[in-house]
Structure formats: C-alpha cells, structure tokens
Amino acid sequence: MARRSVPIIKQLLSKSSSSENPALLSSCFKSKIDAQNRSVTYMPRPGDGAPRGVTLIPGDGIGPLVTGAVEQVMDAMHAPVYFEKFEVHGDMKKVPQEVMDSIKRNKVCLKGGLVTPVGGGVSSLNVQLRKELDLYASLVDCFNLPGLPTRHENVDIVVIRENTEGEYSGLEHEVVPGVVESLKVITKFCSERIAKYAFEYAYLNNRKKVTAVHKANIMKLADGLFLESCREVATKYPGIKYNEVIVDNCCMQLVSKPEQFDVMVTPNLYGNLVANTAAGIAGGTGVMPGGNVGADHAVFEQGASAGNVGNDRIVEQKKANPVALLLSSAMMLRHLQFPSFADRLETAVKKVIFEGKYRTKDLGGQSTTQEVVDAVIAALD
C-alpha cells in the first residue's frame, strides 16, 4: 500500500475542539479525500474489468463474521470479484486439496483466522498454506487512523517478514526423553529474496528507509547470514536509507519512538513479534491489514495475530471488528488492479473510524459487526 498522508487531517483536528460540529470535520475529511482521488488517473488495459475469482476461507471463531462483512461490502460496491467459499478449520490435519486447487487457480485468497492448536501433533494450517504456496513475504501495515486516539502519533510502519523458514521450519525432535531440539533454518536464497522484496516495496511506495531486525550478536551464523544478504541488496538501492537493529532493542524503540521506523524486514519469528507490537501501538490488531505474497499467489488476512479468533463471547455478541479484514480486502483489490474500488473501500472505512459513531468494543465503542458494516456501506461514494 502506498504511504498514507495525514497532515491535513491532523491540522483539522488540532484546530478543532471536541465541542465543534463533528459533521463539519466529516465534510472536510470527505472533501479533502475526494480532491486527492480526483487527481489520480488510472488507465486500465482492455479486459481488466473482467470479474476475478477469489478463494474465500471464513475460518474459525470471528472469521465467518468478518469475512461475511467483506462479502456484504464487496456486493454493495459491485466490485468485480466473486468468491469461491470453502470450510476450513484449524483442527484439520491439512488444507483440503480442493481448497488448494482453488487458490492455485484463482491466484488470490481471502481468509479469516484459523485457530492453531497449542501443543499436540496438529501442525498449523497457516504455515502449511505459506509453505505449499511459497508465500514467502508477509506484510503488515501499521499506521494511525485519523480519529482513533493512540499513545503515539505519526506511526506508519510496514513490517515485512520472511514467511517460510527460521523457527517455523517445523524441524523438531526429542533427542532423549526430556530433551527437545528445535532447528532454526536460515538460507541465503530466502534471506536475499525477502530483502529484495522489502527494498522493492520501499522503492515502489516512496518509502525512505528499510530497517533489518536481527539477533546476530548471539546467533552469529544464522542471523549473520540474514544481515549479510540484506546488506548486499541494500547496495542496489542507494536512494533508500538502510540500518539495522537488534530485536530486543527494536521492541524497546517501537514502544518509545515508533515514528522512527518506516519499512522493517525481519526473519520469521521476529517479524511475528514486531508486527504485533507495532499493531498494538498504532491502534490494535483489529484495524491492521496484511497479506502474504509469493511469486504466483497471495493470501490476504488480518495483519496481526487475531487474538480474539477463538473468543466465544465476541462471536456470540456478534461484535467482532471487521476493519482489519476490510482494509486487507482493499489491499487485495489493489493487488487485482482494481485501484478505484480499493480507494472507495478504504475511504469509507476511514470515514467511519474518523466520525467515531460506529466502533466495536476494542476501539472504545459498543457497535456490532453488522452496525459497522452498515456504516461503511452508507459511507461508500
């Protein structure tokens, strides 16, 4: 996603007190966004308007609620996509073959959260999907939403995480009873391609800096190889600043000065921790979009860990936050080269958040999922 520009909104907010008319602020917000949209021209190629198939996996817990929200909004926009829906649950031993065939045919998938059992012999279906489809890059976009109060301002971080190796390689065994060995695998090939993706993303999205996160002071060979690869790729992008930070210092810097970070590239496990930390700082996991991409396929989902996937109370009350998956579906629309539909959806979601009337509990409100969806549909231009 392109860099977000919010100084206009901040200026409006700084000049306005809480007692001023919120409708006026909403009108200003809309007019500024509209003015920006009118200045962008997109010329499609012949045939680009043909509807595209997307594999849909509602998943577990709140998954059916939030994927249902996306279906409603896509239908209201008359977006040129249609969904092939499949029932997949985290306690399955493997992703059904017909689901894999659908994703390979459509090239794009939208999914809700899948519960990963803790312990036992059941492997994560999320990891299975990433490995089988070679979705080597995970991207989580963490940014301040205008109108949503947070501890820090000017947060606009993209975390790009290597998705196929590291501690997630799944190579574990019991050496002797009571002693378990878990292998962390880092390769030159995978480290180079995730570094290239991070720098390419920064270049294409007018980002100024890429930060490599590591623990090479302790894991000198594994993380040392990751850093070596990042440094080599950095030399090919002289216009983008490159720096490095040790992962524990990175977490401290994130919670104290998150505005210093731009694009972050990380090995697998560190990226999971950094992305969730950055998401919590910027507004919570319920509003952060993300996706997983490889050379041939892409899977879009809630950006940071869906910690409330298995929250039965949220499911029963139907108060799951659909914002993260709606923004992820906007990323998906851009990936499918439908930028005007992505802009409409993203603008409507931001307007609803900015006005503050309809918010789920995690954002300080009491709205249901359906109330937020209805508000987004009403805000569509």
Side-chain angles (χ1 to χ4, degrees), residues 1-40 69 73 140-159 205-207 257-262 278-290 302-304 321-331 333-334 339-367 371-381:
M1 295 177 69
R3 175 184 288 275
R4 290 168 176 78
S5 179
V6 295
I8 293 172
I9 306 305
K10 289 180 179 172
Q11 187 177 7
L12 284 171
L13 292 174
S14 65
K15 291 183 179 179
S16 305
S17 67
S18 58
S19 61
E20 287 182 302
N21 185 358
L24 177 61
L25 288 178
S26 177
S27 175
C28 292
F29 177 82
K30 183 178 184 298
S31 65
K32 295 296 184 184
I33 293 296
D34 286 346
Q36 290 175 355
N37 286 344
R38 283 196 298 271
S39 68
V40 177
V73 175
V140 181
D141 202 353
C142 305
F143 57 94
N144 292 125
L145 282 165
L148 185 64
T150 58
R151 186 181 296 267
H152 296 279
E153 295 182 354
N154 303 317
V155 178
D156 190 8
I157 303 169
V158 172
V159 181
N205 288 278
N206 194 31
R207 297 274 179 163
K257 295 180 183 178
E259 63 278 0
Q260 69 183 287
F261 295 108
D262 193 353
I281 290 165
T285 58
V287 294
M288 297 302 142
Q302 183 168 322
N321 190 347
V323 169
L325 202 63
L326 287 171
L327 292 175
S328 296
S329 62
M331 291 175 63
L333 288 169
R334 286 199 182 91
S340 63
F341 287 92
D343 291 341
R344 287 177 62 202
L345 174 53
E346 202 169 69
T347 301
V349 171
K350 288 181 178 180
K351 181 181 177 183
V352 170
I353 294 295
F354 181 74
E355 291 177 343
K357 185 177 179 181
Y358 297 100
R359 292 181 182 176
T360 49
K361 189 174 181 180
D362 59 313
L363 302 184
Q366 291 297 327
S367 300
E371 287 171 340
V372 175
V373 172
D374 291 342
V376 170
I377 291 173
L380 289 169
D381 292 330

Engineer: Roughly how far apart are Ser367 OG and Lys357 NZ, rounded to 0.5 Å?
Structural biologist: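 One gets 9.5 Å once the value is rounded to the nearest 0.5 Å.
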Engineer: Looking at every heavy atom in both Met331 and Pro289, which two are closest together, and how far apart are they?
Structural biologist: SD-CB, 3.6 Å
Engineer: Would you confirm whether Asn205, through its side chain, and Arg207, through its main-chain N or O, come within 3.5 Å as a donor-acceptor pair?
Structural biologist: no
Engineer: Provide the closest heavy-atom pair for Ala330 versus Ala342 in the form atom of the first, atom of the second, distance.
Structural biologist: O-CB, 3.3 Å
Engineer: For Ala324, give me all partners under side-chain contact (heavy atoms from CB on, under 4.5 Å), at least two apart in sequence or on another chain.
Structural biologist: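 Applying side-chain contact (heavy atoms from CB on, under 4.5 Å) to Ala324 gives Gln302.
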Engineer: Any non-hydrogen side-chain atom of Glu259 less than 4.5 Å from a side-chain atom of Asp156?
Structural biologist: no
Engineer: For Gln260, check side chain to side chain donor-acceptor pair (under 3.5 Å) against everything at least two apart and list the hits.
Structural biologist: Gln253
Engineer: Would you indicate whether the side-chain heavy atoms of Leu345 and Ser329 approach each other to under 4.5 Å?
Structural biologist: yes
Engineer: Could you tell me which non-hydrogen atom of Thr285 sits nearest to which non-hydrogen atom of Ala304, and how far apart they are?
Structural biologist: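 What the structure gives for the nearest pair is CG2-CB, 3.5 Å.
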Engineer: Please determine whether side-chain contact (heavy atoms from CB on, under 4.5 Å) holds for the pair Ile157 and Asp262, giving the CA-CA distance in whole Å, both sets of side-chain angles, and the decisive distance to 0.1 Å.
Structural biologist: CA-CA 5 Å; Ile157 303 169; Asp262 193 353; over 6 Å; no
Engineer: Tell me, yes or no, whether the heavy-atom count around Phe341 atom CZ, taken from other residues, nucleotides or ligands under 6.0 Å, exceeds 12.
Structural biologist: yes
Engineer: Please tell me if the side chains of Leu145 and Lys350 come closer than 4.5 Å, counting only heavy atoms from C-beta onward.
Structural biologist: yes
Engineer: Do Gln366 and Thr360 come close enough that some side-chain heavy atom pair is under 4.5 Å?
Structural biologist: no
Engineer: Let me confirm one number: the CG-CZ distance from Leu148 to Phe143, rounded to the nearest 0.5 Å.
Structural biologist: 10.0 Å
Engineer: With sequence neighbours left out, what residues match Thr150 under side chain to side chain donor-acceptor pair (under 3.5 Å)?
Structural biologist: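 Listed in chain order: Asn144.
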Engineer: Any chance you could lay out the side-chain contact (heavy atoms from CB on, under 4.5 Å) test for Val140 and Val158, step after step, and finish with the verdict?
Structural biologist: CA-CA 6 Å; Val140 181; Val158 172; over 6 Å; no
Engineer: State whether Arg334 and Glu346 are salt-bridged, where the test is any N-O pair (Lys NZ or Arg NE/NH1/NH2 against Asp/Glu carboxylate O) under 4.0 Å.
Structural biologist: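 So Arg334 pairs with Glu346 through a salt bridge.
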Engineer: Quick check for you: to the nearest 0.5 Å, what is the distance between Met288 atom CE and Ile281 atom CD1?
Structural biologist: 10.0 Å
Engineer: Who passes side chain to side chain donor-acceptor pair (under 3.5 Å) against Ser328, sequence neighbours left out?
Structural biologist: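 Side chain to side chain donor-acceptor pair (under 3.5 Å) check on Ser328 returns nothing, list empty.
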Engineer: Using every non-hydrogen atom in the two residues, find where Phe354 and Arg359 come nearest and quote the distance to one decimal.
Structural biologist: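 Heavy atoms of Phe354 and Arg359 come nearest at O-NH2, 4.3 Å.
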Engineer: Please say which of Val373, Leu326, Val323, Val376 ends up in a side chain to side chain contact (heavy atoms under 4.5 Å, CB included) with Val352.
Structural biologist: Val376
Engineer: Does the side chain of Leu363 come within less than 4.5 Å of Ile353's, by heavy atoms?
Structural biologist: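 Yes, at least one pair of side-chain atoms sits under 4.5 Å.
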